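Residue numbers start from 1 in every chain, and the chains themselves are labelled A, B, ... in the order their sequence lines are given, proteins ahead of strands. Note that the coordinates shown come from a computational prediction; the quantities given were computed from them, not determined experimentally.
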There are 2 protein chains.
Amino acid sequence: MASKATSSRAAPGVPKPKREEPQGGLPRNYLRASLLLLIGEAPVHGYDLLEQIAGLGLHTVDAGGLYRALRVMEGDGLVASAWEHSASGPARRTYRLTVEGGEWLHVWAGALRETHRYLSSYLDRYDDIVRSPDAVLPNAELPDAELPDAMLPRAEVPK
Amino acid sequence: MASKATSSRAAPGVPKPKREEPQGGLPRNYLRASLLLLIGEAPVHGYDLLEQIAGLGLHTVDAGGLYRALRVMEGDGLVASAWEHSASGPARRTYRLTVEGGEWLHVWAGALRETHRYLSSYLDRYDDIVRSPDAVLPNAELPDAELPDAMLPRAEVPK
DNA sequence: GCCAGATAGGTGTAGGGTACACATACCCAA
DNA sequence: TTGGGTATGTGTACCCTACACCTATCTGGC
């Protein structure tokens, strides 16, 4: 297998696993959590969020989904918005955090902190397996050989 | 609000947010990833996994979902199973990793390592907000006051 | 014997978040 | 006036998750 399918699409040889989704192994509802954080840092509008949010791991955000999430969050009372008519370009809807949104940001941060700890545990155990001499694993971390690069959970796993 | 609803159920006062789901902010497909890790450590059967997997953050796993995931993973060729008739108790289906399953474990570990880094970044930025004197946040991390403990993303956020 | 309970594995299904395609409108420069 | 960047949205299918429910085996107590 392997051959040469570096094209972000799944290799034809792979039977079923279509886990090359953009969000790979990011937390559930991470979009919501990220939006709360960014809006909590400073009031922003959607298009700005669309560009900033890549820095939190959401590289290929669906713009529509982001705007939809914002409207839903406003409906839930987590954020509030106001139109801002700039001299250049279309009007922009600027969001700010509500009190309840702030509470939820705290809650989310707590949950993500716990997730962070569990991931540390997961990765430690994984490293133990890989380093283990009596590796149960069929083939341990081949430096740069057979591992099919087209079936990644996320599009790319840099660094 | 707040009052006294420490009962793992959502407080009645909360308008919409039903984010008190068991899996809170754990990664997407974390069940699959965890099963791969555990089976990679040593061959096990489903019921055993059901008990072990809590150690990875999945405290309230749905047993049916776990068994279903195992069957699907076997259908995908990630694991292989064999019946084991013990002297005491019902027969158990023991799973082991296939070569392809091992490759996917590596892939998942890479994705989760990246997620781990992004969560570090998220939490750093959150701490910056909380510590910030000119906090944009309506109310910063009340030590143990108003924060409603019944609307947690995960059931409990210990330690 | 019989029944409760632990062990062990499984199905049905509704809900919700995500991904992808597509639509709309404003403003500016060529 | 046409294209492209800015800015905001809708429609919808898919798939994971959560919850309820079911079957079967074996052991121990009454």
For the residue pair His59(A) and Tyr118(B), is the inter-centroid distance of their aromatic rings smaller than 6.0 Å? yes
Between Leu66(B) (CG) and dT11(C) (C1'), how many Å, whole number? 15 Å
Could you list the residues that satisfy side chain to side chain contact (heavy atoms under 4.5 Å, CB included) with Ala109(A), not counting sequence neighbours? Tyr126(B)
Distances for protein N or O near nucleotides 8-10 of chain D N or O, under 3.5 Å:
residue: dT8(D); atom: OP1; partner: Arg93(A); partner atom: N; Å: 2.4
residue: dT8(D); atom: OP1; partner: Arg93(A); partner atom: O; Å: 3.4
residue: dT8(D); atom: OP2; partner: Gly46(A); partner atom: N; Å: 3.2
residue: dT8(D); atom: OP2; partner: Tyr47(A); partner atom: N; Å: 2.7
residue: dT8(D); atom: OP2; partner: Tyr67(A); partner atom: OH; Å: 3.2
residue: dG9(D); atom: OP1; partner: Arg71(A); partner atom: NH1; Å: 3.2
residue: dG9(D); atom: OP1; partner: Arg93(A); partner atom: NE; Å: 3.4
residue: dG9(D); atom: OP1; partner: Arg93(A); partner atom: NH2; Å: 3.0
residue: dG9(D); atom: OP2; partner: Arg93(A); partner atom: NE; Å: 3.3

Rounded distance in Å - CZ (Arg28(A)) to P (dA19(C)): 12 Å
For His45(B), which residues count as a ring-ring contact (aromatic ring centres under 6.0 Å, His included) partner, sequence neighbours excluded? none
Residues at least two apart in sequence or cross-chain that pass side chain to side chain contact (heavy atoms under 4.5 Å, CB included) with Glu74(A), listed by chain then number, are Arg71(A), Val79(A), Ser81(A), Arg93(A), Tyr95(A)
Return the value, rounded to whole Å, for the distance between atom CG of Asn29(B) and atom C1' of dT18(C). 11 Å
Would you mind reading off the distance between Leu49(B) atom CG and dG10(C) atom C1', rounded to a whole angstrom? 15 Å
If you check every side-chain atom of Pro90(B), which of dT17(D), dT25(D), dT18(C) has the closest atom? dT25(D)
Nearest-Å distance for atom pair CD/P, residues Glu84(A) and dC27(C): 15 Å
Rounding to a whole Å, what distance do you find between Leu26(A):CG and dG17(C):C1'? 14 Å
For atom OH of Tyr30(B) and atom C1' of dA18(D), their distance in whole Å: 18 Å
The nucleotide from dA25(C), dT27(D), dT18(C) with an atom nearest the side chain of Ser88(B) is dT27(D)
Within this structure, what is the CG-to-C1' distance between Leu70(B) and dG10(C), rounded to whole angstrom? 11 Å
Name all residues meeting the side chain to side chain contact (heavy atoms under 4.5 Å, CB included) criterion together with Ala54(A); count only those two or more places apart in sequence or in a different chain, and write none if there are none. none
Hits for side chain to side chain contact (heavy atoms under 4.5 Å, CB included) against Ala82(A), two or more places apart or cross-chain, chain-then-number order -> none
